[in-house]
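Protein chains get the first letters and strands the later ones, always in sequence-line order, with residue 1 at the start of each.
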There are 2 protein chains.
Amino acid sequence: MGEGSGSGTIRPGGRTARVRASVLRAAGDALAERGFAQLDLADVARRAGVGKTTVYRRWGSIAALMADLLIELAQESVPHTETGDLLGDLRANADLVRRTLRDPRQGALFTAVIAAATWDEPTARALRQFYDSRVTEWAPCVAQAIDRGDVPAGTDPREVIRAVSAPLYYRLLTHGELPDEAAADRAAKAAAAAARAGVFLAGHTDSSV
Amino acid sequence: MGEGSGSGTIRPGGRTARVRASVLRAAGDALAERGFAQLDLADVARRAGVGKTTVYRRWGSIAALMADLLIELAQESVPHTETGDLLGDLRANADLVRRTLRDPRQGALFTAVIAAATWDEPTARALRQFYDSRVTEWAPCVAQAIDRGDVPAGTDPREVIRAVSAPLYYRLLTHGELPDEAAADRAAKAAAAAARAGVFLAGHTDSSV
DNA sequence: ACAGTAATGGTTCTCCAGTTCCGTTAGCTC
DNA sequence: GAGCTAACGGAACTGGAGAACCATTACTGT
């Protein structure tokens, strides 16, 4: 019988990692400089000093490249302090989102990934995974607010965190407006007010507010 | 000197209107059946029974075609009843958004237009215009709530309406989830709670909630 | 150190989205 | 209802994105 069953050793080290890193950096540069619409894999390969064959083989599409760029970004977890105050924590979260979306490179990346995710399923998965991990990082501060009795028991922490991001992304995507401090502040306050009013109680759809 | 300055008569009637209508219908069909990524102008032209030259000349790009499709949709204003109750009105609004996004044709159109708007400025303008008119249609119900003293004076009605849509679009775009009744209900309640708490007071950024 | 083989890279080729060209059709004006 | 020309349509053309091919490079395990 055949030994080793055909699957050779994987080689993520050395050159492969170097190629991946330089392609991702080049892709980020190209995205920031020329924008999503003008992205072309051959140009990325040229900037990265890498054969375009390699880029086509390993990523295959702009969408996949964007997704990989997002995964790379997701590695660097942004630690956050907890203030012991729901509104303070949500403000910190809103401010993180605001700064992320306003950052030229990251902002362009997020709009590009969201756009690509509307037609490319792997990219959509990467995007979901990114937000799920972000939400998981931030949910504890809502859980603590529940423990303090600041927010009704049974509130879904994840839903509260998502409520903070929603208006900021919505404005960016539908109106092209980068969120400013006031918008971030409103987003945090609105989420806090809704959470305190019991809007995010899990399970049942209550008629009362 | 040249007389008439070169601008001939415009001919929007008859054939031109017919061509536009059939191309838009075909584009909507193609979008619903094959999805945004597989859209191609030649196929749209074939479906419409129209020369592809015509489609390229009059629209020139998928993005422009999507924008035109949205403008067409914006014509049919959806009249809405006013219940005399803020939450009721916001629920009606949330439900309109929910039904729009769940409708196969309209939902696909909106995600396509939002994606295209991230790189195509004319499409972005069409999108902004669409939402501005929708928001303008719905803002009065918030104004009435202010008059009734249901919501603090100085609240920005448009901001409240936008707050209803935000979480529904956010979920769709970042998680690929079509909004259900529960989500629409939460969106309406969250916006109402935040509005009543004075989160959408125009002008100043207040530290208190 | 050395064999074995992932993985890369240059080149060439293919194919089709988008353009150009020009003849034809049919609104608009008088 | 006749002429003018805006707008359409078929066909041929083209440029460049992406695939195919195979030689070359350099990780990995022994």
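Between Arg20(A) and dA7(C), a side-chain N or O to OP1/OP2 separation shorter than 4.0 Å is absent.
Residues of residues 32-43 of chain B having a heavy atom closer than 4.0 Å to DNA chain C, listed by number: Asp40(B).
Pairs of residues two or more places apart, or lying in two chains, that qualify as ring pair (Phe, Tyr, Trp, His ring centres under 6.0 Å) and include a residue from residues 77-112 of chain A are His80(A)-Trp138(A), Phe110(A)-Phe130(A).
Remark: Asp180(A) does not engage Arg98(A) in a salt bridge, criterion side-chain N to carboxylate O under 4.0 Å. Between Asp95(A) and Arg99(A) a salt bridge is recorded (basic side-chain N to carboxylate O distance below 4.0 Å).
Below 30°, between 30° and 60°, or above 60°: for Tyr131(A) and Tyr169(A) the angle between ring planes is above 60°, a perpendicular geometry.
Side-chain atoms of Ile146(A) and Pro157(A), non-hydrogen and from C-beta on, do get closer than 4.5 Å to each other. Using a 4.5 Å heavy-atom cutoff, the side chains of Arg186(B) and Pro167(B) are not in contact.
The C1' atoms of five pairs define one axis at each end of the helix from dA1(C)-dT30(D) to dC30(C)-dG1(D), and these two axes lie 60° apart (to 10°).
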Evaluate the side-chain contact (heavy atoms from CB on, under 4.5 Å) criterion for residues Arg158(B) and Asp132(B): first the C-alpha distance (whole Å), next the side-chain angles of each, then the deciding distance (0.1 Å), finally the verdict.
-> CA-CA 9 Å; Arg158(B) 304 176 66 84; Asp132(B) 283 345; 3.8 Å; yes
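Rounded to an integer number of Å, the gap from Ile62(B) CD1 to dA17(C) C1' is 10 Å. The distance from atom CZ of Arg18(B) to atom P of dG9(D) is 10 Å, rounded to the nearest whole Å. Atom P of nucleotide dG18(C) and atom CG of Leu65(B) are separated by 12 Å, given to the nearest angstrom.
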Give the table of side-chain donor-acceptor pairs shorter than 3.5 Å for residues 116-124 of chain A, with sequence neighbours excluded, one pair per line with atom names and distance.
residue, atom, partner, partner atom, Å
Thr118(A), OG1, Ala115(A), O, 2.6
Asp120(A), OD2, Thr123(A), N, 3.1
Asp120(A), OD2, Thr123(A), OG1, 2.6
Glu121(A), OE2, Arg128(A), NH2, 3.0
Thr123(A), OG1, Ala63(A), O, 3.1

Would you be so kind as to tabulate the donor-acceptor pairs closer than 3.5 Å made by side chains of residues 21-39 of chain A, with sequence neighbours excluded?
residue, atom, partner, partner atom, Å
Ser22(A), OG, Arg18(A), O, 3.4
Ser22(A), OG, Val19(A), O, 3.2
Asp29(A), OD1, Arg105(A), NH1, 2.8
Asp29(A), OD1, Arg105(A), NH2, 3.3
Glu33(A), OE1, Arg47(A), NH1, 3.4
Glu33(A), OE1, Arg47(A), NH2, 3.2

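To the nearest 0.5 angstrom, Ile62(B) atom CD1 is 11.0 Å from Leu69(B) atom CG.
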Going 5' to 3' through nucleotides 19-25 of chain D and flagging B where a protein heavy-atom sits under 4.0 Å of the base, S where only the sugar-phosphate is that close, and - otherwise, we get BBB---B
